[in-house]
Amino acid sequence: MSEDASPRKELAAVKGTRDILPGEVEKWQALERLARETFESYGYRELRAPIFEVTELFEKGTGSTSDIVTKEMYTFTDKGGRSLTLRPEYTPSVVRAIVEHRLDLQPEPMRYYYMGPMFRYDKPQKGRYRQFHQVDIEVFGEKDAALDAEIIEMADALLRKLGVNGTETLVNSVGCRACRPAYSAALREAAGKRRSELCPDCQRKAETNPLRIFDCKVEACRAVAAAFPLIQDFLCAECKDHFAKLLGLLALYRLPYHVDPRLVRGLDYYTKTTFEIVSSHLGAQNAILGGGRYDDMMKDFGGPDICGIGFAMGIERALAAAEIALPARRALYLAALGEEAGKAGLELARFFRASGVECLVEFKDRGMKAHFGRANKLKAAWVLIVGEDELKKGRFGLKDMATGGQVDGTREELLEFLRKN
Ligand SMILES: [Zn+2]
Ligand SMILES: [Zn+2]
């Protein structure tokens with residue numbers, strides 16, 4: 001590297017991406033661990049799908065009229081001339097994997113979770129990235145609204161573990177294929193009457209998919225959308241019952257919720273339940289997680305007629321609202337004095353590491369004072385002193401850096417002592 005240690009500008013991380021460095025990454029690891037533990041306790045298993053898929057998967061799955069597909073996908077042609085896309089969301093990949101491997105024929109319940117990066121060519125803004133990260137869960141083959149309630153309850157349980165407080169749960173029903181066409185027609189009519197007040201984008205949506213007008217962030221469009229008819233007045237009996245059961249169970253779980261009739265979410269595939277959990281700590285872009293039911297997606301993929309439901313949680317946003325207590329690191333610094341002790345130290349480090357003790361070994365020859373200075377800088381909890389005398393006796397000194405206290409013992413005795421402390 002040159003004198004100027006910063007990389008050339010064109011070699012810096014790409015706009016909308018960033019590094020997650022030690023010091024911050026521990027929170028990510030803690031979140032991932034808590035998410036894994038939570039989901040597994042509800043019978044979920046991890047399903048890892050590739051980061052890129054054929055573009056058609058998302059056009060079909062995410063929906064060709066959604067903002068994601070029309071504006072935000074990272075699509076490229078590979079050397080074989082295929083159109084591929086970095087996944088903008090996870091659900092279509094899971095659906096594809098189930099159909100491809102016929103997981104629906106297995107006896108295990110189809111409850112899956114996943115954590116990883118997603119990619120959207122979005123306008124970068126504070127806390128929003130083009131490579132962003134999600135925790136995602138999907139369940140298939142269960143129609144009962146009890147599952148919708150359980151998923152919301154599980155999301156709430158995870159947020160509690162993450163120390164996310166001040167949340168509000170928004171729920172809605174967006175109807176099904178039986179009842180939504182009438183609603184769409186009513187929206188089209190309402191939007192048509194006030195077409196001139198809408199942004200060009202929404203004028204187009206008024207024709208193609210008027211439900212999407214609810215996603216628009218333009219103030220004038222929001223005002224128009226506020227006067228639109230409400231979906232609740234159009235739900236069929238089945239959708240109405242499903243929604244009523246969901247609300248009843250949320251009450252049973254004593255989970256406060258708020259019915260938001262404009263919560264349609266930015267995706268085409270939702271049916272019946274949609275929900276979001278928002279945080280008062282996050283400002284305008286305040287949804288930490290959101291999801292819903294998609295009972296027709298699998299069938300639309302040419303797979304079996306199996307219903308699905310899921311949610312995605314933005315990891316960056318969850319961490320912005322989370323208060324995660326991290327356990328302190330308790331590392332052992334190995335202070336070897338002289339060449340022989342240096343070699344013996346390697347074997348000692350191996351012994352302690354094999355039992356799960358974090359052991360810091362540096363290969364530079366140092367005196368005792370320099371070792372302690374270094375151990376201090378590295379914030380080691382303990383220093384193990386290995387000199388010629390100690391080697392002869394097979395007994396070593398272990399110094400507690402916080403209290404200055406010291407104990408002596410064989411390596412086995414010291415390991416025992418570390419375990420207790
Ligand atoms: Zn319906
Ligand atoms: Zn608009």
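We're numbering straight along the sequence, starting at 1. None of these values were measured; they are calculated from a predicted model. Just so you know, ligand 1 is whichever comes first in the structure, and atom 1 is the first atom listed for that ligand.
- In this model, a donor atom of one side chain and an acceptor atom of the other lie less than 3.5 Å apart for S93 and E53.
- The Zn ion (ligand 2) has C199 SG, C202 SG, C216 SG, C221 SG as its protein N, O or S neighbours under 2.8 Å.
- Aromatic ring orientation, F234 versus Y183: tilted (interplanar angle from 30° to 60°).
- A side-chain donor from one of T91 and E138 sits under 3.5 Å from a side-chain acceptor of the other.
- A side-chain donor from one of D148 and H242 sits under 3.5 Å from a side-chain acceptor of the other.
- Qualifying ring pair (Phe, Tyr, Trp, His ring centres under 6.0 Å) partners for Y113, counting only residues two or more places apart in sequence or in other chains: F39.
- Between L47 and L103, the closest heavy-atom pair is CD1-CD1, 4.0 Å.
- Side-chain atoms of Q232 and N172 include a donor-acceptor pair closer than 3.5 Å.
- Counting heavy-atom neighbours within 6.0 Å of K161 NZ, excluding the residue itself, gives a total above 12.
- Here the protein contributes C176 SG, C179 SG, C236 SG, C239 SG as N, O or S atoms under 2.8 Å from the Zn ion (ligand 1).
- Residue pairs meeting the salt bridge (Lys or Arg N to Asp or Glu O under 4.0 Å) criterion with at least one partner in residues 411-421, sequence neighbours excluded, are R395-E413.
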